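Okay, structure first, notes after.
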Amino acid sequence: MSKAVYPGSFDPITNGHLDIIKRAAKMFDELHILVSYNIDKKSMYNIEDRIEMIKRSTKNLKNVVISTSNDLVVNYCKENKITVIVRGIRNFLDYENEFSLHQYNKEIYNDIDTVLLMPSLENLIVSSSSIKELMKFNHPVDKYVPEEILDILYK
């Protein structure tokens with residue numbers, strides 16, 4: 001059985017995330033969506049809300065497992081016998097970051113590989129950080145996030 005993990009803060013989940021999730025779910029028998037802690041980001045939504053948003057957005061994907069961890073993603077992979085990390089990259093800065101992370105991950109867990117997926121054109125500029133900024137200034141974000149989570153976003 002092929003297993004992969006798609007980690008992120010998902011604060012909140014966006015249409016860009018969902019695009020990567022749907023595509024990765026077709027590539028692997030089991031896809032773990034890992035809501036992970038990011039020391040560089042201040043969360044707008046608590047873990048429970050983020051998990052609920054992911055559940056609603058992925059309810060039709062039967063091979064998705066939703067988990068959370070405060071540990072390194074690569075340690076989660078080792079514990080769950082996962083050998084592929086899926087990441088979405090929008091630009092060269094994302095690529096540089098993912099390239100470095102891959103090297104560290106290989107040092108920790110030699111069996112790990114990283115699959116990089118490019119965004120679709122309509123999701124090229126979508127990011128959780130931008131969504132949060134737009135929301136802070138009361139700008140609608142409906143076209144950037146799954147419809148199933150709008151009530152949580154606007155509560």
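Computed from a predicted model, the values in this text were never measured in an experiment.
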- Query: Which of these, I85, L34, N105, sits in a side chain to side chain contact (heavy atoms under 4.5 Å, CB included) with C77?
  - Reply: I85
- Would you please test V145 and M53 for side chain to side chain contact (heavy atoms under 4.5 Å, CB included) and show each step? CA-CA 10 Å; V145 298; M53 287 188 268; over 6 Å; no
- Mind checking whether N123 and S120 have side chains closer than 4.5 Å, heavy atoms only? yes
- To the nearest 0.5 angstrom, please state how far the CG atom of N70 sits from the OG atom of S36. 9.0 Å
- Does the side chain to side chain contact (heavy atoms under 4.5 Å, CB included) test come out yes or no for R56 and I152, once each step is laid out? CA-CA 11 Å; R56 289 183 186 189; I152 296 173; 3.7 Å; yes
- Within 6.0 Å of NZ in K132, more than 12 heavy atoms from elsewhere: yes
- Query: Is there a path from F99 to M118 through hydrophobic residues (I, L, V, M, F, W, Y) whose side chains come within less than 4.5 Å of each other?
  - Reply: yes
- Does atom CD of Q103 have more than 12 heavy-atom neighbours from other groups under 6.0 Å away? yes
- Message: Grouping I, L, V, M, F, W and Y whenever their side-chain heavy atoms are under 4.5 Å apart, do I82 and V64 come out in a common cluster?
- Response: no
- Message: Do I108 and I112 sit in one hydrophobic cluster, given that two such residues count as connected whenever their side-chain heavy atoms are within less than 4.5 Å of each other, even indirectly?
- Response: yes
- Query: Of all heavy-atom pairs between P146 and T14, which one has the smallest distance, and what is that distance?
  - Reply: CD-C, 3.9 Å
- Task: Give a yes or no on whether a salt bridge exists between K106 and D111, defined as a side-chain N under 4.0 angstrom from a carboxylate O.
- Result: no
- Which distance, rounded to the nearest 0.5 Å, do you find between the CG of L18 and the CZ of R23? 11.5 Å
- Do V5 and V84 have side-chain heavy atoms sitting under 4.5 Å apart? no
- Query: Looking at N46, I33, I66, I13, which one forms a side chain to side chain contact (heavy atoms under 4.5 Å, CB included) with I51?
  - Reply: I66
- Note on the structure: To the nearest 0.5 Å, atom NZ of K81 lies from atom CD of E30 at 12.5 Å
- Task: Would you check if I21 and L31 make a side-chain contact, meaning some heavy-atom pair closer than 4.5 Å?
- Result: yes
- Side-chain contact test, heavy atoms from C-beta onward, threshold under 4.5 Å: evaluate it for D29 versus N63 and give yes or no. no
- Query: Can you check side chain to side chain contact (heavy atoms under 4.5 Å, CB included) on S9 and R50, steps first, answer last?
  - Reply: CA-CA 8 Å; S9 56; R50 288 186 269 162; 4.0 Å; yes
- Item | Within-4.5 Å side-chain heavy-atom neighbours: H17 and S128 | yes
- Nearest heavy-atom approach of L150 to D142 is CD1-OD2, 3.7 Å
- Can you check whether K143's main-chain N or O pairs, donor with acceptor, with N15's side chain at less than 3.5 Å? yes
- Message: With rounding to the nearest 0.5 angstrom, report the OG to NE2 distance, S130 to H139.
- Response: 12.0 Å
- Item | Shared hydrophobic cluster, Y6 / Y76 (ILVMFWY, side-chain heavy atoms < 4.5 Å) | no
- Note on the structure: On a heavy-atom basis, the closest approach of P12 and I131 is CG-CG2, 3.9 Å
- Item | Minimal non-hydrogen separation, L61 against K22, with atom names | CD1-CG, 4.2 Å
- More than 12 non-hydrogen atoms from neighbouring residues, nucleotides or ligands closer than 6.0 Å to CD on E133, yes or no? no
- Gap between atom CD1 of I149 and atom CZ of F10 - 0.5 Å precision: 12.0 Å
- Distance-minimising heavy-atom pair for A24 and V86: CB-CG1, 4.0 Å
- Message: Counting only heavy atoms from other residues, nucleotides and ligands, does the tally under 6.0 Å from OH of Y154 exceed 12?
- Response: yes
- Could you tell me whether the side chain of L101 reaches within less than 4.5 Å of the side chain of E98, counting heavy atoms only? yes
- Query: Is the CD1 atom of I125 crowded by more than 12 outside heavy atoms at less than 6.0 Å?
  - Reply: no
- Message: Is any side-chain heavy atom of Y109 closer than 4.5 Å to one of V73?
- Response: no
- Task: Looking only at non-hydrogen atoms, find the nearest pair between N80 and K3 and report the distance.
- Result: O-NZ, 2.6 Å
- Note on the structure: When L153, D49, D11 are each screened for side chain to side chain contact (heavy atoms under 4.5 Å, CB included) with M44, the one that passes is D11
- How long is the gap from CD1 on I20 to CZ on R87, to the nearest 0.5 Å? 10.0 Å
- Item | M27 side chain reached by V115 side chain, heavy atoms, under 4.5 Å | yes
